[in-house]
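Order of the sequence lines fixes the chain letters, A, B, ..., with proteins taken first and strands second; residue numbering starts at 1 for each chain.
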Amino acid sequence: MEEYNINNLAGIAREIRKKIIEMTYTANSGHPGGSLSITDVLTVLYFKEMNIDPLKPNDENRDILIMSKGHASPALYATLAIRGYFSESLLSGFRSMNSDFEGHVHRGINGVESSTGSLGQGLGVAVGFAIESKIDKKNNKVYAILGDGEMEEGNIWESLMAANKYHLNNLIAILDRNMIQLDGFTEDIMPLNDIGEKVRPFGWDIININGNDINEVIDAVEKAKKSKNNPTMIVAHTIKGKGVSYMENNPKYHGAPPKNQEEYERALREIGE
Amino acid sequence: MEKLEKLESLREAYGDELADLGEENKNIVVLDADLSTSTKTEIFGKKFPDRFFNMGISEQSMVSAAAGLSLSGKTVFASTFAVFLSNTYNVIRQSICYNKAPVNFVVTHSGISLGEDGPTHQILEDVGIMSGLPGMKVIVPVDSIETRRVIDYLSEKKNSPYYIRLTREKFPVLNDNNYEFKEGRAVTMRDGKDITIIAYGIMVSFALKAAEILKKKNIDARVINMSSIKPIDGNAIIKAARETGKIMTAEEHSIYNGLGSRVSEVVSENYPVPVKIFGMPDIFGKSGKGMLLFDYFHIGVNDMVNTAEKFYNEVF
């Protein structure tokens, strides 16, 4: 597998962020906020930590990633494109009729393991993949990217229990703790408080990090990979809209693209800096 | 003279067949949600504990995990009571159907024949719920033998998810051991020329009894077992419409969105004839002896006879 140095990873993350802006602006719809917050995590996973090969997307020993927060499709599609799963030019079709790039994460796209969008389902799907790895004695890892608002779904807590029961130390959930959901701030809509401390008693190892710091993400994932017994949840404290000043910590940009040429250019400029 | 009925449990047939198949087919994994002693997946679970996963009273995560296991190549059977599976509708919709994950849902305790557990558990809408999902196939085995054949058929991995609806109560054995199940093929259980009763589940047995009574009234009823509801056997329906002129559907299900609706679609598009939809009206069930509830709700054998006779004599 290719190795990238830390400078490259930061550069790749910038490229992914630019694509997120381009895709949502071109489509005039989509979810930039939660895509920008999870970009650094996806960069580390797809360009450093995951055992994958875009030329062998169905290799049975590949690592699996389930993007449970399916509205972060721009981030995943852009990451997969830059990683070489398909041509970057296809991204311009995002959310349009003559394209396979559906609004939410779509399994028809090369490299996508499961369709998501209706929240709360991806962790359970990842549990299924992780159980299969255990049955077939594989050494791969299964990653699930969760949104923090998504933690309000009951299925998540069911699946947390199942992962503990079956000792899925091959399962790594990464929680995008950006503090914002569609209607506003998570602590106003449904307080999650110290979410890691709620999950820990379910039998999970918890690692709190700055999820927009590439080095911290690398360290956390490498630690999680070594878990002997427990599944790990990395609580990635992130900034929603990270990299674009007017989007940062602004619930309005959960599901709204740059609204005019000026905002679009400003976003690209700020990401490039 | 009526011959003595042989009654057998469909869910036991399921559990036994699954455990038999698990011997040779190591790819089979089974999930349940704390009802394995009732759904009978425990027979498999005791034999193959490494391939059996009791997910607890957590149907949503059971369905999600079933999707993951299926997408990673396993042949997955997932069981609970019919009513509890339906509370995961949107998980089935997205993670199973939209993902094209070929999971086999085998549910038990459907319908009013469930009996004493009452209306909270007696689901009468599930055939409609599941039939509406893109790519989902829906089968209701008529007896223990057909149940075994269906499970056997599904043990070879398919390309789409299946919903197999079973019941708590033992039902009459109508098929013999040579019976072969074929998806999308109806079976004519009794030929007739005046009217056709198309049914599934226990209603096939009722229809055969009703046909005997109708015969004494000089009404020659054809009885069809439409165990494969989706895909449905359109040819058998069109043939019945053409040859008998009137079709009555009968199901242990709401009259809305069930077999009656499916048959009406085929008939109205291809060979319009009058259709009578026989089943539960738009109400919930109630507690009581399972097999007595049919008469209570006026969907027993005698009600079927009366409805069919009136329908036969009706001039349209």
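Contact annotation: the side chain of B/M55 approaches that of A/Y166 to within less than 4.5 Å [non-hydrogen atoms, C-beta and beyond].
Within residues 105-117 of chain A, the residues having any heavy atom less than 4.5 Å from a heavy atom of chain B are, in residue-number order, A/H106, A/R107, A/E113, A/S114, A/S115, A/T116, A/G117. Contacts with chain B (heavy atom to heavy atom, under 4.5 Å) involve these residues of residues 132-157 of chain A, listed by number: A/E132, A/I135, A/D136, A/N155.
Annotation for A/K225: atom NZ counts as buried by contact number, over 12 foreign heavy atoms lying within 6.0 Å. Sparse packing is recorded around OH of B/Y256, with 12 or fewer heavy atoms of other residues, nucleotides or ligands lying under 6.0 Å away. Surrounding NZ of B/K157 are more than 12 heavy atoms belonging to other residues, nucleotides or ligands, all under 6.0 Å away. Heavy atoms of other residues, nucleotides or ligands lying less than 6.0 angstrom from NZ of A/K223 number 12 at most. Crowding of B/K47 atom NZ: a count of heavy atoms from other residues, nucleotides or ligands under 6.0 Å exceeding 12.
Among B/A66, B/S58, B/G68, the residue making the largest number of heavy-atom pairs under 4.5 Å with chain A is B/G68. Ranked by heavy-atom pairs under 4.5 Å with chain A, the first of B/K74, B/R93, B/Q60, B/K26 is B/Q60. Heavy-atom pairs under 4.5 Å with chain B peak, among A/E158, A/E60, A/M161, at A/E158. Taking chain A as the reference chain and counting heavy-atom pairs below 4.5 Å, the highest number among B/G56, B/S72, B/S70 is found for B/S72. Among B/N90, B/V63, B/L31, B/D50, the residue making the largest number of heavy-atom pairs under 4.5 Å with chain A is B/N90. Counting heavy-atom pairs closer than 4.5 Å to chain B, the top residue among A/S159, A/A162, A/A130 is A/S159.
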Where do A/E102 and B/Y98 land on the side-chain contact (heavy atoms from CB on, under 4.5 Å) test, with the steps shown first?
CA-CA 12 Å; A/E102 302 289 351; B/Y98 185 53; 3.7 Å; yes

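Looking at B/S95 and A/Q121, their side chains do bring a donor and an acceptor atom within 3.5 Å of each other.
For B/N99, the parts sitting under 4.5 Å from any heavy atom of chain A are the backbone and the side chain alike. Contact of B/V29 with chain A is made through the side chain alone, with heavy-atom distances under 4.5 Å.
Taking every heavy atom of both residues into account, A/V127 and B/A65 meet most closely at CG1-CB, 4.3 Å.
In this structure, A/K165 contributes its side chain and B/N54 its backbone to a donor-acceptor pair below 3.5 Å.
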